[in-house]
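What follows is a set of notes on a single structure, which appears directly below.
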Amino acid sequence: MSIKAMDFSLRINPSICFTQNLPKPSSKLRFLTVRCSLPLTSDDAATGLAERPWKVADARLVLEDGSIWKAKSFGASGTQVGEVVFNTSLTGYQEILTDPSYAGQFVLMTNPHIGNTGVNFDDEESRQCFLAGLVIRSLSISTSNWRCVETLGDYLAERNIMGIYDVDTRAITRRLRQDGSLIGVLSTEQSRSDEVLLEMSRSWDIVGIDLISGVTCNASYEWVDKTKSDWDFNSNGRDQETYRVVAYDFGIKHNILRRLASYGCKITVVPSTWPAAETLKVKPDGVLFSNGPGDPSAVPYAVETVKEILGKVPVFGICMGHQLLGQALGGKTFKMKFGHHGGNHPVRNLRNGRVEISAQCLSGCHHLRFYDMAEPQLCS
């Protein structure tokens, strides 16, 4: 069996490589290797780099365990540190990008193909992107959706959010499940060594940082938008009574407010530092403590606010709000090995045995233990 190789140089458009009049296959010719030599420009010769018609690895994800993952960048450039978590949702990457609960985190999507529906402005859950970066396996080269207004890469670049692709997200997810959430550094800066990036990842921690102050609103406002009729799947059985609700913004999502408005609530959204006395002054029918990012132990001022309101008006909490309620009632929080992030988590009701699929964004310190009860129990 013989192997023949052909070398030739292209004197045409470097982005096109083709051959003509190749030898016809024969029993002796089993393999054909074609080596294309692309002509270099003066700039290429000066830098020692050749222009390629495809993107090469130009980014790194360095984890605190010492592992280094080479990837290709999209979106913004630079260097960013954050906690790496994985999300198992099959769709809804734009809602994830604009969910304030992901502040300070790199979100790794376990679904391999991301970006195929592009981006539209109707699906945003907040005023901006708060996550530290996006990690995906495959970035769609085209978009196909009737609501699409721009590509995912352009959307991230405009908002200064880093993204990487062509990285083994399956292997990273297995590592996170085995070792727990890890701090990492994303970088496109070749001037920074692996050692420098590793030191950055080991010198930062998301625990103990007040992330709520960076995502909350600056002043109170009234929310009036309801869920659009095209998306309102359950409008039967609502009474006409109006409920006044004060919603503490610890990183609240727009769709939570839309759902409350659709059920007849008159909503006032207030900053995370809003005094409890001001809330009680308006005599609300209920107070919502919203979702939000980070460690509830890092925001003692919010816990004190919850304590002052408890017992005076009905209250309810989501995510961070639920954790703050637990601490205000004497509970202690501890960080999970890795959080629950996704739209497909099964939950069983122990009272009736029914299993439902839930959407969860529980990052870390979300488990509560109550020690002041007759029978200690675990709530999550």
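Val269 is not connected to Val313 by any chain of hydrophobic side-chain contacts under 4.5 Å among Ile, Leu, Val, Met, Phe, Trp and Tyr, and they are in different clusters. Residues Ile267 and Phe316 share a hydrophobic cluster, clusters being chains of Ile/Leu/Val/Met/Phe/Trp/Tyr side chains in contact below 4.5 Å. Ile318 and Leu324 fall into different hydrophobic clusters, where Ile, Leu, Val, Met, Phe, Trp and Tyr side chains are chained together by heavy-atom contacts under 4.5 Å. Linking ILVMFWY residues whenever their side-chain heavy atoms come closer than 4.5 Å, directly or via other members, places Leu97 and Ile136 in the same cluster. The hydrophobic clustering, which links ILVMFWY residues whose side-chain heavy atoms are closer than 4.5 Å, places Leu288 and Leu310 apart.
For the pair Val167/Ile172, a side-chain contact is recorded, criterion being any heavy-atom separation below 4.5 Å from C-beta on. Within the 4.5 Å cutoff, no side-chain heavy atoms of Cys319 are placed close to those of Phe250. In this structure the side chain of Pro293 never reaches within 4.5 angstrom of the side chain of Phe130, judged on heavy atoms. Within the 4.5 Å cutoff, the side chain of Ile114 has no heavy atoms near those of the Tyr165 side chain. Contact of the Met162 side chain with the Phe106 side chain is not registered, since no non-hydrogen atoms from C-beta on lie closer than 4.5 Å. Residues Pro284 and Val245 fail the side-chain proximity criterion, which asks for heavy atoms closer than 4.5 Å. Between Ser290 and Met320, every side-chain heavy-atom pair lies at or beyond the 4.5 Å cut-off. Using a 4.5 Å heavy-atom threshold, the side chains of Tyr102 and Asn87 count as touching.
In this structure, Asn160 CG and Cys129 SG are separated by 10.5 Å, a value rounded to the nearest 0.5 Å. We find the CZ-CG distance between Arg258 and Asp225 to be 7.0 Å, quoted to the nearest 0.5 Å. Here the OG1 atom belonging to Thr169 is positioned 10.0 Å from the CE atom belonging to Met109, to the nearest 0.5 angstrom. From Phe121, atom CZ reaches atom CD of Gln94 across 8.0 Å, with rounding to the nearest 0.5 Å. The CG atom of Asp249 lies 10.0 Å from the CD1 atom of Ile256; values are rounded to the nearest 0.5 Å. Residue Glu125 holds its CD atom at 10.5 Å from CD1 of Ile252, rounded to the nearest 0.5 Å.
Side-chain N/O atoms of Thr268 and Arg244 include a donor and acceptor closer than 3.5 Å. Side-chain atoms of Tyr93 and Asn111 include no donor-acceptor pair closer than 3.5 Å.
Nearest heavy-atom pair, Ala276 versus Ile309, reported as atom, atom and distance to 0.1 Å: CB-CG1, 3.8 Å. When all heavy atoms of Ser201 and Val185 are compared, the pair lying nearest together is N-CG2, 3.6 Å. Of all heavy-atom pairs between Ser101 and Gly292, the closest is OG-N, 3.5 Å. What you find for Glu95 and Asp123 is that their closest heavy atoms are CG-O, 3.4 Å. In terms of heavy-atom proximity, Ala247 sits nearest to Leu257 at CB-CD2, 4.3 Å. Between Lys307 and Gln327, the shortest heavy-atom contact is CE-O, 4.5 Å.
Scored by the salt bridge (Lys or Arg N to Asp or Glu O under 4.0 Å) test, Glu195 finds no partners at all (sequence neighbours excluded).
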* Verdict with supporting geometry, Lys55 and Asp166, salt bridge (Lys or Arg N to Asp or Glu O under 4.0 Å) -> CA-CA 10 Å; Lys55 188 176 180 68; Asp166 267 9; over 6 Å; no
* Between Asp194 and Arg60, is a side-chain contact (heavy atoms from CB on, under 4.5 Å) present by the stated rule, with each step listed? -> CA-CA 9 Å; Asp194 295 340; Arg60 289 164 291 168; 2.6 Å; yes
* Step-by-step side-chain contact (heavy atoms from CB on, under 4.5 Å) determination, Arg174 to Arg177 -> CA-CA 5 Å; Arg174 290 174 63 90; Arg177 285 184 59 87; 5.8 Å; no
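Classified by interplanar angle (parallel below 30°, tilted 30° to 60°, perpendicular above 60°), the ring pair Tyr248/Phe289 is tilted.
The side chain to side chain contact (heavy atoms under 4.5 Å, CB included) test with Leu156 singles out one residue from Leu134, Val119, Thr151, and that residue is Leu134.
Not a single donor-acceptor pair under 3.5 Å links the side chain of Asn145 to the backbone N or O of Gly118.
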